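Since we're looking at a predicted model, the values are computed, not measured.
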Amino acid sequence: MFTRTGVLSLAFTLITGSAAAIDLDTTSQDSIKLAAKTFASSVVAFYDETLKEDLIPGLFSDDYYWWESGLAFNTLIEYYGLTNDSQFNARISQALQHQLGDLDAFMPPNQTRTLGNDDQSFWGLASLSAHEAQLSAPATGSWLEFAKNVFDTQAMRWDDKSCNGGLKWQIFSFNDGFNYKNSASNGQFFLLAARLADLTGNATYAEWANKVYSWTTDVGLVTDDHHVYDGTDDTNDCSEVNRLQWTSNHAEFTEGAALMYKVSNAAQNWTDVLTGFVNSSSVFQGEDGALVEVACEKTGNCDKDQRAFKGIATRSYARAAVAAPLVADSINAMISASAKGAVKNCNVDNDDVECRLTWSNSSNDEWGQWSVESGSLGEVLNALSAVQALLWPTAGFTNGTTNGTSGSANHNASTTGNPSGPSDAPENTGAGSTFAASITFVLALAFATALSC
């Protein structure tokens, strides 16, 4: 077991033997921060042990795909931004910089065999969070620049050759899933564009957000009643849709819609989209309001990846409430119920935090309670995200910052464009790129060719 600092014992109330519950008063910021620190310390302790063995900054053990490492560091970045506890920042900064890759766009060569667009986006969104939280600047470049680089590389991959558009799941043709166009990749590209539109005021990002959202509705990944389905196959021209629904995909589309509502100055079309998503989120809530991973949780079939989705969801839902106070009451009620449920299903045993997937009383209560060390990184990240999400209503680090200073973004009127999207797609003008798009394309092409040889 890992050695823990004295702060852990302060967060626990003894139950029996060495097992203890975590105290959480959802009305007390001190209580929320202390509980969040408990979970964050557990995640970082596991990372430190992994780093001692593998000596590769930014990676957790081989049990976890690269994308979940990006999720973990994004969660820790926001832990810093929400609590002002900076003790983990040096590790976070080192991890992000080590995983940048040759293009400064989070495409490290050692991840090529499993590198998807959604995987890359997890790290790009983490870099954007680092910019918002004003994490100390990297040795070269900037966190915002790296996120823009991710956007630029993905905009060049937009595939009009099949299904009239969309991002493929995988980046390289030799990877399984190359023909799958999924909501995770397209939803995160939509969210990345919307966040950049909000942060920079550059209308090109808003145009891309409109374009991506339009395509997802046209192809049926997002329905008229704002349910979000998993993906579709471009080998049959996207004529059939996998109707599985995940909390993470739905929440990221909700956050993106909230940001488009914000940058469009509450345009009616985005108001309707946003409220539609919030209303349809009920499919993921138990009777007590806490989140349930409906596609797999009740049947006990969630795999290791899927067991981390609710943490993604609580973050995006909470950020959506900040961007669009119109929907804050209903979202914050869901966050509060989820945080209470998460803490109720976690404890400490022999100085190690253990959590189960279940949060809701109406869900499957047979999920085991395990530590990060024992394979439950996703569950502990979920709990951390849900608890610190309670701090978002008073957070100030996402309010349109540019290079660490208050932004005064002048949002172009075109950002109010119809979510159904214009028939002609906006060009990739290289907004936010620090190197010419043509140079990026040549480098990316050479990179992919070399790795496929």
**Prompt:** Listed by chain and number, what are the ring pair (Phe, Tyr, Trp, His ring centres under 6.0 Å) partners of Trp246, not counting sequence neighbours?
**Reply:** Phe309

**Residues His250 and Gln245: side-chain donor-acceptor under 3.5 angstrom** = no

**Request:** For residues Leu196 and Lys148, determine if any side-chain heavy atom of one lies less than 4.5 Å from a side-chain heavy atom of the other.
**Result:** yes

**Request:** Report yes if some heavy atom in the side chain of Phe88 is under 4.5 Å from a heavy atom in the side chain of Ser41; otherwise report no.
**Result:** yes

**Request:** Sorted by first residue and then second, give each salt bridge (Lys or Arg N to Asp or Glu O under 4.0 Å) pair with at least one member in residues 317-338; sequence neighbours left out.
**Result:** Glu78-Arg319, Glu132-Arg319, Glu255-Arg319

**Asked** Going by heavy atoms in the side chains, are Lys310 and Glu297 under 4.5 Å from each other?
**Response** yes

Which side-chain N or O atoms in residues 54-61 pair as donor and acceptor under 3.5 Å with protein atoms at least two apart or in another chain?
none

**Prompt:** Just wondering, do Trp370 and Glu379 contact through their side chains at under 4.5 Å, heavy atoms?
**Reply:** no

**Request:** Please identify each residue that fulfils ring pair (Phe, Tyr, Trp, His ring centres under 6.0 Å) with Phe189, with sequence neighbours left out.
**Result:** Phe151, Trp208

**Prompt:** Is it the case that Gln29 and Thr394 place a side-chain donor and acceptor less than 3.5 Å from each other?
**Reply:** yes

**Asked** Hey, does Leu100 have a side-chain heavy atom less than 4.5 Å from the side chain of Leu96?
**Response** no

**Item:** ring pair (Phe, Tyr, Trp, His ring centres under 6.0 Å) partners of His226, counting only residues at least two apart
**Value:** Phe277

**Prompt:** Are Trp270 and Asn210 close enough that some pair of their side-chain heavy atoms sits under 4.5 Å apart?
**Reply:** yes

**Prompt:** Which residue pairs pass the salt bridge (Lys or Arg N to Asp or Glu O under 4.0 Å) test with at least one member in residues 114-129, sequence neighbours excluded?
**Reply:** none

